Amino acid sequence: MKKAKLTGRIVTPEDPNYEQARTNNNLNNPKYPSLIVFCQRTKDVVNALKWARENNEPFRIRSGRHSYENFSLLNKGLVIDISDINKMAVNLQDMSVRIDAGANLGKVYRELWENGVTIPAGTESSVGVVGLTLGGGIGMLSRPFGLTCDNLLEIEMVIASGQEGAQIIQSNRQKNNDLFWASCGGGGGNFGIVTSLTFKLHAISDVSLFSITWGWNDFELAFDTWQKWAPYTDVRLTSQIELKSKEVGEIVAQGEFVGSVADLKKLLRPLRKAGSPTNIWIKEVPYIKAVEFFDQPSGNRPALRKSSGSFIEKPLPFEAIKKMKEFLTNAPNLNSTIWQQSLRGAVSEVAPNRTAYYYRNALMAQEYNTSWKKPDEEEENIEWVEHLRRALSPYTAGDYVNFPDRFIQDWPTAYYGRNFRRLREVKTKYDPFNVFQFPQSIPPVRKWI
Ligand SMILES: Cc1cc2nc3c(=O)[nH]c(=O)nc-3n(C[C@H](O)[C@H](O)[C@H](O)COP(=O)(O)OP(=O)(O)OC[C@H]3O[C@@H](n4cnc5c(N)ncnc54)[C@H](O)[C@@H]3O)c2cc1C
């Protein structure tokens with residue numbers, strides 16, 4: 001049989017653009033692959049998978065480069081990068097869009113906005129739509145329209161077949177529906193290489209935004225008021241709160257409402273009345289301006305970072321709020337923050353076993369973030385996140401698979417709860433030889449040699 005060849009744009013360590021081609025969003029824990037293939041079409045993806053299998057070459061899949069733990073990179077081995085495959089086909093007749101899996105959120109939002117439509121997805125424009133969707137996809141339209149994966153209609157994937165082969169398959173609610181189930185929250189890199197995603201579209205025009213800032217003295221009151229309000233208010237309103245380090249001394253709640261400023265003002269009353277806000281604004285903007293507002297340039301730029309996260313299923317008691325305040329008082333630097341985003345609404349209308357995304361009943365998703373400049377600051381920053389995660393764990397549940405953390409020992413339960421068993425069965429069916437693997441990948445049920 002004819003041997004497979006690597007096709008597409010190939011970058012090796014000798015190439016002058018290797019550093020750019022290699023670098024992910026997180027510069028911490030860097031990796032140095034021996035080959036990166038930028039696939040230009042689906043055939044290149046098939047060839048890359050066959051080539052890797054025939055040559056027994058370890059490999060990883062990459063699209064938007066935003067994996068917190070750089071699971072889309074490896075030392076030595078091959079990176080199969082699909083970011084050059086990024087076209088979109090909008091169909092306003094049946095309100096759907098087929099997006100090649102290399103597109104990032106910025107492109108997706110812009111092209112959809114030109115057609116007066118959108119999908120609910122994340123905030124940073126450089127995040128890949130594929131990595132985000134496979135893990136669930138949380139964003140500023142989650143409460144009215146659900147997770148990104150809840151809007152998925154079909155995916156195309158290149159899977160491993162036979163001893164050394166590769167095969168393109170489609171999955172949706174009818175066809176290969178177990179693989180489709182697993183792709184809605186099971187996380188990237190586990191089953192195959194996604195080459196396109198088809199989503200249901202939502203019409204969108206103007207939305208209303210708000211921002212409320214408090215000083216450090218209002219820490220407990222501002223957070224407690226927000227957490228008892230944000231998951232329960234009108235489902236058209238999704239919001240987030242950022243608790244910044246004491247050095248910055250700010251608590252900032254912001255949100256997006258699919259409705260008028262007048263209605264938003266009424267909904268915001270409990271928040272506006274809490275403590276003594278130092279800054280409040282509310283305004284109506286075209287939807288794309290809201291997208292740009294939540295797209296922080298600092299999130300898109302590569303940096304030395306450590307993040308972790310969890311879900312909150314019951315409002316945090318006072319002692320937990322105090323712990324957050326203590327950690328932010330002793331934060332390693334100005335960039336250390338704790339961030340929460342409100343959930344429920346359409347997210348919790350779906351049962352926890354209906355898709356692989358398990359934490360449907362959570363009130364909020366939560367993230368612990370820090371970034372730093374010099375390598376010798378690494379230890380302190382990483383310890384801060386780890387100690388914070390452990391200190392809050394009595395009050396939290398699991399962790400969102402898109403906020404992976406290599407220090408979580410029982411990651412199967414943390415990411416997948418009771419859905420892990422079924423995920424392993426799907427893995428066994430579609431990837432019995434465990435061709436797709438990384439440090440926290442789902443293992444097949446049987447051990448293969
Ligand atoms: C700054 C920043 C902002 C973020 N904001 C949000 C947010 O608002 N909402 C949210 O829900 N999440 C958010 N995330 C988390 C984000 O969803 C995950 O990091 C996601 O996995 C990124 O996908 P990617 O394609 O950009 O990354 P990559 O690093 O390319 O890939 C991530 C994972 O998916 C796998 N993968 C990549 N391409 C494919 C493919 N074609 N087929 C199969 N597997 C593939 C990789 O192997 C890897 O395991 C954010 C992350 C960062 C760093």
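In this text, all values refer to a predicted model and were calculated from it rather than measured experimentally. Indexing begins at 1, ligand by ligand and atom by atom, following the structure's order. Below, each value reflects all heavy atoms present in this structure, side chains not excepted, and no hydrogens, waters or symmetry copies.
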Is the closest side-chain donor-acceptor distance between [X] and [Y] under 3.5 Å?
| X | Y | value |
| --- | --- | --- |
| Asn300 | Asp295 | yes |
| Ser308 | Asp405 | yes |
| Thr238 | Glu256 | no |
| Thr413 | Asp410 | yes |

Original post:
Is the gap between the ring centers of Phe293 and Trp281 under 6.0 Å?
Top reply: yes
**OP:** Report yes if the distance between the aromatic ring centroids of Phe436 and Phe59 is under 6.0 Å, otherwise no.
**Re:** yes
How does [X] reach ligand 1, by side chain, by backbone, by both or by neither, if only non-hydrogen atoms under 4.0 Å count?
| X | result |
| --- | --- |
| Asn300 | neither |
| Arg65 | backbone |
| Thr123 | both |
| Ile82 | side chain |

**OP:** Only one of Glu378, Glu367, Glu69 passes salt bridge (Lys or Arg N to Asp or Glu O under 4.0 Å) with Lys306; say which it is.
**Re:** Glu69
Of the listed options ([options]), which comes nearest to [atom] when hydrogens are ignored and any heavy atom counts?
| atom | options | value |
| --- | --- | --- |
| atom 16 (C) of ligand 1 | Val130, Val129, Asn402 | Asn402 |
| atom 34 (O) of ligand 1 | Cys149, Gly188, Ser196 | Gly188 |
| atom 7 (C) of ligand 1 | Asn26, Asn24, Ile138 | Ile138 |
| atom 31 (O) of ligand 1 | Ser72, Gly187, Ala303, Ser125 | Ser72 |
| atom 36 (N) of ligand 1 | Val127, Ile80, Asp81, Ile61 | Ile61 |

Could you find the nearest protein heavy atom to [atom] and give me its residue, atom name and distance?
| atom | value |
| --- | --- |
| atom 24 (P) of ligand 1 | Gly64 N, 3.5 Å |
| atom 43 (C) of ligand 1 | Gly192 O, 3.3 Å |
| atom 2 (C) of ligand 1 | His66 CD2, 3.8 Å |
| atom 26 (O) of ligand 1 | Gly128 N, 2.8 Å |
| atom 51 (C) of ligand 1 | Tyr68 OH, 3.5 Å |
| atom 6 (C) of ligand 1 | Leu132 CD1, 4.3 Å |
| atom 32 (C) of ligand 1 | Ser67 CB, 3.9 Å |

Subject >> Whether Asp431 side chain and Val435 backbone form a donor-acceptor pair below 3.5 Å >> reply: yes
Heavy-atom contact under 4.0 Å between [X] and ligand 1?
| X | value |
| --- | --- |
| Gly137 | yes |
| Arg62 | yes |
| Tyr400 | yes |

When you measure from the centre of the six-membered ring of [Y], is the NZ or CZ of [X] closer than 6.0 Å and no more than 45° off the axis?
| X | Y | value |
| --- | --- | --- |
| Arg305 | Tyr68 | no |
| Arg236 | Phe257 | no |
| Lys374 | Trp372 | no |

Original post:
What residue among Glu154, Lys87, Gln170, Arg98 forms side chain to side chain donor-acceptor pair (under 3.5 Å) with Ser196?
Top reply: Arg98
